**Student:** 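Following this message is one structure expressed as structure tokens.
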There are 2 protein chains.
Amino acid sequence: MRYSHKREAIQEIVYGTNSHPTADWVFQKAKVKIPNISLGTVYRNLKQLDDAQLINTIYDGNIARYDWNREPHDHLKCKICGDLIDVQLFDDQIRKTVKKLYKFEPDDVVMTIIGTCHKHNK
Amino acid sequence: MRYSHKREAIQEIVYGTNSHPTADWVFQKAKVKIPNISLGTVYRNLKQLDDAQLINTIYDGNIARYDWNREPHDHLKCKICGDLIDVQLFDDQIRKTVKKLYKFEPDDVVMTIIGTCHKHNK
DNA sequence: ATCATAAATAGTAATAATTCCTATTATTGT
DNA sequence: ACAATAATAGGAATTATTACTATTTATGAT
């Protein structure tokens, strides 16, 4: 993967937020620094960064979001404010269970817990 | 929700498979029985059935699939054959953990384990 | 430093999944 | 049977994403 100024900028944008941004959000941010950048470039580079394991792609419903956090982790999705919160749960037991019970070789556990986050406590 | 012949057919199709079909798959099946049914009708009815808790919508990557199984359950997604397999894991501990640790009120745990299913054992 | 090669890009067209719109049709309570 | 209105077909519109192509740019070799 050859160096590119734009890919670097895109990576910096993803690394600079905890908001699990969409491609379009990244595109809007990138345009501020590089006015003539195109959305296709953003998509292509996000894919390349994902392929290179520099970022992660997560699916929130039917829309892709990007995450700099490559440690295995899960997400809490608040149904009120839409926030996606990183959490570290214990997937190890789950991996063992599916391996034993279903003869399934797990690579990756993708877990999202939908509910109400602490901001909306009555 | 008023009775409709087409909604009934759509529900029967979803209830008649374990393949977690897409809207288009349901549409193709429905056309056999009801040649003049339209894709919009399929989408509208799948949404209504979901709203009425008669089916569940699950997201496989960025595509919606529909599931008659409304018991809380998880999915194993085989990266080789693409199969989505229903499994019953133990979400209770997870629910307790996020409640206590993150003050998050969980409604629903959506978990997909990506890996290799038993069909591809060497 | 120049140059050649191929990767990266802009801009736009194309695609895929899904939703929206409107005139017509069908269900249902009276 | 009829009126009210939900459901529908068919197609247009929208949204997210990918593909295409001529041009630009990074980079390794001269």
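Note that the structure is predicted; figures quoted are calculated from it, not measured. Here is how names work: the chains are called A, B, and so on, in the same order as the sequence lines, proteins then strands, and each is numbered from 1.
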**Student:** Just to verify, which of A/R95, A/K99, A/K96 counts as forming a salt bridge (charged side-chain N to carboxylate O under 4.0 Å, His left out) with A/E105?
**Tutor:** A/K99
**Student:** Could you verify whether a donor N or O on one side chain and an acceptor N or O on the other, from A/Q48 and A/D51, lie under 3.5 Å apart?
**Tutor:** no
**Student:** Does A/S38 put a side-chain nitrogen or oxygen below 4.0 Å from OP1 or OP2 of C/dG11?
**Tutor:** no
**Student:** If hydrophobic clusters are built from ILVMFWY residues whose side chains come within less than 4.5 Å, do B/I94 and A/I85 share one?
**Tutor:** yes
**Student:** Taking atom NE2 of A/H120 as the centre, does the number of heavy atoms from other residues, nucleotides or ligands within less than 6.0 Å exceed 12?
**Tutor:** yes
**Student:** CG of B/N45 versus P of C/dC20: gap in Å, rounded?
**Tutor:** 15 Å
**Student:** So if I take every side-chain heavy atom of A/K6 and compare against C/dT18, C/dT27, C/dA10, which nucleotide ends up nearest?
**Tutor:** C/dA10
**Student:** Tell me the interatomic distance from A/R44, atom CZ, to C/dT12, atom P, rounded to whole angstroms.
**Tutor:** 16 Å
**Student:** Please check: side-chain N/O of A/R7 versus main-chain N/O of A/L49, any donor-acceptor pairing under 3.5 Å?
**Tutor:** no
**Student:** Quick one: label A/I37 by what it contacts on the DNA or RNA (base, sugar-phosphate, nothing), any heavy atom closer than 4.0 Å.
**Tutor:** sugar-phosphate
**Student:** Check the orientation of B/H20 and B/H73. Use parallel for under 30°, tilted for 30 to 60°, and perpendicular for over 60°.
**Tutor:** tilted
**Student:** Heavy-atom nearest nucleotide on DNA chain C for B/H5 versus B/Y66: which residue maps closer to 5'?
**Tutor:** B/Y66
**Student:** Please identify the 5'-most and 3'-most nucleotides of DNA chain D with any atom under 4.0 angstrom from a heavy atom of chain B.
**Tutor:** D/dT5 to D/dG10
**Student:** Send over the distance from A/Y43 OH to C/dG11 C1', rounded to a whole Å.
**Tutor:** 16 Å
**Student:** When you group the ILVMFWY residues by side-chain heavy-atom contacts below 4.5 Å and let the links chain together, are B/Y59 and B/M111 in the same group?
**Tutor:** no
**Student:** Below 3.5 Å is the cut-off: list the nitrogen or oxygen pairs between protein and nucleotides 3-7 of chain C, distance only.
**Tutor:**
{"from": "C/dA6", "atom 1": "N3", "to": "A/R2", "atom 2": "NH1", "distance (Å)": "3.4"}
{"from": "C/dA7", "atom 1": "N3", "to": "A/R2", "atom 2": "NH1", "distance (Å)": "3.4"}
{"from": "C/dA7", "atom 1": "N3", "to": "A/R2", "atom 2": "NH2", "distance (Å)": "2.5"}

**Student:** Hey, which of these two, B/A64 or B/S4, hits DNA chain C nearer its 5' end, going by closest nucleotide?
**Tutor:** B/A64
**Student:** Given C/dT9, C/dT28, C/dT18, which nucleotide is nearest the side-chain atoms of B/I63?
**Tutor:** C/dT18
**Student:** Please check if the side chain of A/W68 supplies one atom and the backbone of A/G16 the other of a donor-acceptor pair under 3.5 Å.
**Tutor:** no
**Student:** When rounded to the nearest 0.5 angstrom, what is the spacing between CG in A/L54 and CE in A/M1?
**Tutor:** 5.5 Å
**Student:** Is A/I10 reachable from A/Y15 through a run of hydrophobic residues whose side-chain heavy atoms are each under 4.5 Å from the next?
**Tutor:** yes
**Student:** Answer yes or no: is there a side-chain heavy-atom contact under 4.5 Å between B/H118 and A/Y102?
**Tutor:** no
**Student:** Could you identify which residues of residues 8-36 of chain A place a heavy atom less than 4.0 Å from some atom of DNA chain C, listed by residue number, or say none?
**Tutor:** A/N36
